[in-house]
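In what follows, a single structure is set out as C-alpha cells and then discussed.
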Amino acid sequence: MDCGTDDWVKRRFAIGFHKIFDSIQEKRIAIYGIGKNAARVLQYSEGFHFAAVAARDHFGEMFCGRKIVPLKEAVAQSDMMIIAASLQATKIIFSRIRPHLPMGYRVMDLHGHILTSTNDTADVYWEKTLEGLKREIDAHDVISFDIFDTLLMRKTLEPHDVFEMEEQELRARGEDVPFAAWRSKAETDQIVQGYLPNFDKIYRYMRGQHHLSEATVRRWKQREWELEREVLVPRKDMVEALHYAKAHGKTVCLTTDMYFSRPKMEGLLADKGITCYDAVFVSCDFQATKGDGGLFRFLLELAGERAVLHIGDHAISDVEMPHRLGIDAFGIRKAKDLLAASSCEHVLASVWTLDDRLMLGTILARLFNSPFALSRTGGKVELKCLEDLSWLCFLPFVMEYLQYIVQTVHQEKDAVLLFVSRDGWFFQKVYAVFAKRFKLPPSLYFYASRQAAYGVMVEQEADIDLLLDYLLQGAEQEMKYQLEYVFQVPFPEAAGLTFGEAVQQWGEDGVRSFVKAKSQIIFKKQEKQRRNYFKYLQSLHLERYKKIYCIDLQTKGTVAYALGKMLHRSVDLIAVGGSSMIQRFVPEADRRHLMFGVLSSISPMYLWSVLVEVLCASHEGQLAGFAEDGRPVFVPNTKYQAEMLDHMQKGLLDGMADFPQDDWMMGKLSERFCCQMLDLLDPRATEITEDVCDMFSFYDPADSRLNDRYNVLRFARKRSEGGDGA
C-alpha cells in the first residue's frame, strides 16, 4: 500500500507528534489506521517502538514496511494503541473497536487524548464524604489526625521540592552546591543508622559532612523553615473535621512522622490557624514511627480504654498499621493521589521541571484541597466556576508564555514591546509589573488586528498576491465574505462561492485576475486606511527605540509585517506559535521568536488557541481600523462578556500570586506539561458546568461560517471529540 507524504507539512506533523508522545517512547505502540495520518507517524516519527499496524481489513498487506494485522493481534503485540486518523474518524473507529479491547488497555488519539477511561468510577473511595467522617468521629472518643497531606498540604507536588527550591535560590545567589542532595542524604543517613533526626540534628550532620560554617548552616536552615511555612496550606475540610471533633468533646491528638520537633510543629500549625488539639506525637521526639507502629503505642497509652480513630492519607502508616494495633482508621487521599485516580491522571506523566511540579502542586492545593473533592462525580474533575477553569487549564500556559517573553527580551537595552490588542491585554498588564520590578524593556498595548493589518498592507499587486496565497488555503471559506473582509471593498455576487469552488471553475489564475480587476479601488481604499493608521503610530513615538518587538499569540505574522511596512523598518515577532504562512510574512528566522515553533495541526495549542485569545482579551471589541484623527474604531458587537474576562483574569492573577516562587518569570515551565494542562479542556478530562460554558459566546467577524454569535468553548470541546463544533 502507498504511504507517500508531502514533506514540509508532514514533518511539522511529526514534530507535533514527538512533543505530545515523547513520554511513551519506550512503550510498544500499535498504530490503528492505514491512511495519510498513519503514514506520517510511521515515516517521520523516529525513536518510537511501533510494534504493529492494525486496520479493519487489508490483513497481510504491507504498509510503510509493516504488515497490517487484525485488532486482536495488534493488541497482543503492544502496550497501547494510537488511532492515527482525523478526530471525526477516530470517534467512529474507537466506537467500533472498544468492545473488543481488554480491560486496562490504553487507546489514545493523535492529540494525546486518552480514549479509554482512566478513572475508576467504581472506586469505593468515592463513597467517602466529610459527613461520613463526622459520623465516624461521633462514634469514637479519641481522634488522631495525621498532619502532612491530611491537615496540611504543600503547594508542591513532592515534599523534596522544597529542597530543590532552596537549591535554586542558592545557585541564583552564586552558592553552587547540590543542596537538595545534601539535605536529603543528611536525613536518610541517620535513619539508616537507626536514629530519627530532628531538624537541628539534620543540619548539624550536614555541617560536619561538608565542612560548612555555622553562619551558613544557620542561614540555610532558616530559609528551609521559611519555605515550608510559605508552601503549606490547611486542607479546609480536614480542619473542619478537627474543629468538629473538639467541639463535640473528643480528645484530639496529632500523630505524625516528621523531623520538626513538637515546639516547631506547634508553631507551624499555629501559623496556619490550627490550635485546638490536646496532644502532639512526633516521630523524631519519640524515636518511633507510625510505619512500625511504635508512635501509635503512645497514642494508645493516652487513650486508655477509650475508642480511638486515626485519620490520615498513607495506606500503610495511617490505615494498615493502626488496624493491626486495634485502632480504627479513616483513610483519606492526598491531593496527588486524588489526581492519580481522577479523569485528569494523565497529566502526571507530563511533569518535567521543578516549575511544573510547583505549578501542579499549587493547582492541586486549590482544586483538590478537599480529600472529598471528587466524591460526588466519581473521579471526574468538574469545573464549577470560571476561576477554577482558569487555574486548571490556562494558568500554566499563560505563565509559560510570560516566561518566554521575559527571557527573550530581558537583556535588551533599547527596545519596546508592543502587545497586540486585544488578546495582548492581559499579558501586557502582567509584563508591565515585571518590567518595573526587574528593569525590563518598556511595553505598550498596541492597537492592531488581522482586519486592521489587512487594511494597510496592500500597495501593489504583489501584496494582493501575498494575501491571496493565504486566502486560497481556505478552500471551504466563502470567497465574497473573505475578500471584502480582507480588502475592505465590495465584490460582485459572482464571488458568492467558496474558494475551492472558484478555483475549480476559474482556476487559481482566474481567481487572482478576478480580484486584481479591483486593484485600483483596493489601493485607493487602503491608502486612506494606511494614512489613518499612521496617525495612531505617530502618537506612540516608536522612533525612540532601536528595536521593536510585536507580541502575539497564534499568528501568521501579518501584524508584524504590516507594522514593518508602514514604519519602513524591521519588526521582531514574539508569539506562542505560527502557521505555515509566517515564513512569507516574516521570512527572516532571526526575527521570529516562536515559543512552540510553527504549530502542528495536532498541537493542543492549535486546537485551543481561540480560547486563550478570548480569556486574555480586553473589554473592547475587535479593532476595525482608525478614524481620520487616529482614534481606534471597533467592529460592532464583538466584545466578549466582561464578567467572564474579569473572573478568568482574576483567577490567573491569583494563581500567579499563589505560585511559591516570586521570580518565576525566569524559571522553566515545560511545553509538554503546559500543553497537557491546556488539553484538560477536553470533555473526556473535565466536566464544565453549563453556566460557565455560557460565558464564552461571542461573534467572530473573521469567519463567514460563524457570523452569528456562537459559543467558542462548546465549539472547541465538541471539535476535540471529533465533532464539527456546530
Side-chain angles (χ1 to χ4, degrees), residues 87 90-91 94-95 98 106-109 111-130 237 333 335-348 350 360 363-397 604 607-608 610-612 614-615 641 643-644 647-648 651-652 655 674-697 710-726:
L87 286 171
T90 296
K91 191 175 183 181
F94 182 66
S95 160
R98 186 175 190 175
R106 178 172 288 193
V107 179
M108 305 172 79
D109 67 16
H111 289 272
H113 301 141
I114 300 170
L115 304 176
T116 43
S117 178
T118 55
N119 64 297
D120 182 4
T121 55
D123 187 339
V124 295
Y125 181 79
W126 306 133
E127 298 174 7
K128 294 189 175 185
T129 62
L130 178 59
D237 279 359
R333 285 182 181 167
K336 182 183 175 182
D337 290 344
L338 283 177
L339 178 63
S342 79
S343 57
C344 297
E345 61 87 20
H346 54 285
V347 301
L348 283 166
S350 70
L360 189 53
I363 292 169
L364 294 180
R366 176 186 173 99
L367 270 73
F368 292 175
N369 182 277
S370 170
F372 315 113
L374 303 178
S375 293
R376 191 181 65 81
T377 58
K380 188 72 178 277
V381 175
E382 184 180 36
L383 301 171
K384 296 182 285 188
C385 68
L386 289 162
E387 288 85 353
D388 284 354
L389 175 62
S390 65
W391 276 63
L392 182 67
C393 301
F394 295 105
L395 179 63
F397 168 79
L607 184 62
W608 305 110
V610 174
L611 281 161
V612 179
V614 169
L615 77 97
Q641 291 199 41
E643 183 182 358
M644 179 272 292
H647 280 280
M648 292 292 285
L652 294 173
C674 294
C675 282
Q676 283 280 10
M677 297 300 285
L678 187 61
D679 217 25
L680 295 181
L681 289 162
D682 187 277
R684 286 161 291 203
T686 53
E687 294 284 352
I688 301 178
T689 58
E690 290 300 307
D691 58 326
V692 170
C693 283
D694 288 344
M695 293 287 196
F696 287 84
S697 295
Y710 81 110
N711 190 286
V712 64
L713 180 55
R714 291 193 179 99
F715 184 92
R717 279 166 66 85
K718 180 74 172 176
R719 189 176 60 172
S720 77
E721 288 187 297
D724 60 7

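Just so it is clear, the structure is predicted and the values come from calculations on it, not from any experiment.
- Heavy-atom minimum distance, E345 versus A340: CB-O, 3.3 Å.
- Inter-residue side-chain proximity for E690 and R714 is flagged as met; some heavy-atom pair is nearer than 4.5 Å.
- Using a 4.5 Å heavy-atom threshold, the side chains of L364 and L339 count as touching.
- For the pair M644/F696, a side-chain contact is recorded, criterion being any heavy-atom separation below 4.5 Å from C-beta on.
- Panel note: side chain R684, backbone I114; no donor-acceptor pair is recorded below 3.5 Å.
- Looking at every heavy atom in both residues, W126 comes nearest to G379 through CZ2-CA, 3.6 Å.
- Under a 3.5 Å cut-off, the side chain of S343 and the backbone N or O of T686 do not form any donor-acceptor pair.
- S720 and D682 form a side-chain donor-acceptor contact under 3.5 Å, judged by distance and modelled atom types alone.
- Rounding to the nearest 0.5 angstrom, the gap separating the CD atom in Q676 from the CG atom in L348 is 10.5 Å.
- Taking the side chain to side chain donor-acceptor pair (under 3.5 Å) definition, one finds that E127 meets it with nothing, sequence neighbours left out.
- Applying the salt bridge (charged side-chain N to carboxylate O under 4.0 Å, His left out) rule to D679 yields no partners; only residues at least two apart in sequence or on another chain are considered.
- When every heavy atom of L395 is checked against every heavy atom of G655, the shortest pair comes out as CD2-CA, 3.7 Å.
- Taking S375 as the reference, F372 meet the side chain to side chain contact (heavy atoms under 4.5 Å, CB included) condition, with sequence neighbours excluded.
- Looking at Q641, its side chain does come within 3.5 Å of a backbone N or O of D694 through a donor-acceptor pair.
- Taking the side chain as every heavy atom from C-beta outward, C393 and L383 approach each other to under 4.5 Å.
- How far NZ of K718 is from CG of L713: 13.5 Å, rounded to the nearest 0.5 Å.
- Remark: T689 pairs with E382, K384, D691, V692 by the side chain to side chain contact (heavy atoms under 4.5 Å, CB included) rule, at least two apart or across chains.
- G651 and S390 make their closest contact through CA-OG, 3.5 Å (heavy atoms, listed as atom of the first residue, atom of the second, distance).
- Checked against side chain to side chain contact (heavy atoms under 4.5 Å, CB included), D337 has the following partners two or more places apart in sequence or in another chain: R333, K334.
- For L678, the side chain to side chain contact (heavy atoms under 4.5 Å, CB included) partners are F394, M605, W608, V612, L681, not counting sequence neighbours.
- Residues passing the side chain to side chain donor-acceptor pair (under 3.5 Å) test with K128: none are found, sequence neighbours excluded.
- Looking at heavy atoms from C-beta onward, E387 lies out of side-chain contact with L652 at the 4.5 angstrom threshold.
- Residues F368 and L374 have side chains in contact (heavy-atom distance under 4.5 Å, counting atoms from C-beta outward).
- Using a 4.5 Å heavy-atom threshold, the side chains of E687 and V381 count as separate.
- Pairing each heavy atom of L386 with each of M695, the nearest pair is CD1-CG, 4.1 Å.
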> Between D109 and T90, does a side chain to side chain donor-acceptor pair (under 3.5 Å) hold up when you go through it step by step?
Replying inline: CA-CA 7 Å; D109 67 16; T90 296; 5.9 Å; no
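- The shortest distance between side-chain heavy atoms of R717 and I688 falls below 4.5 Å.
- Listed by chain and residue number, D237 satisfy the side chain to side chain donor-acceptor pair (under 3.5 Å) test with S370 (two or more places apart in sequence, or in another chain).
- Taking each heavy atom of P683 and K380 in turn, the nearest pair found is O-NZ, 3.1 Å.
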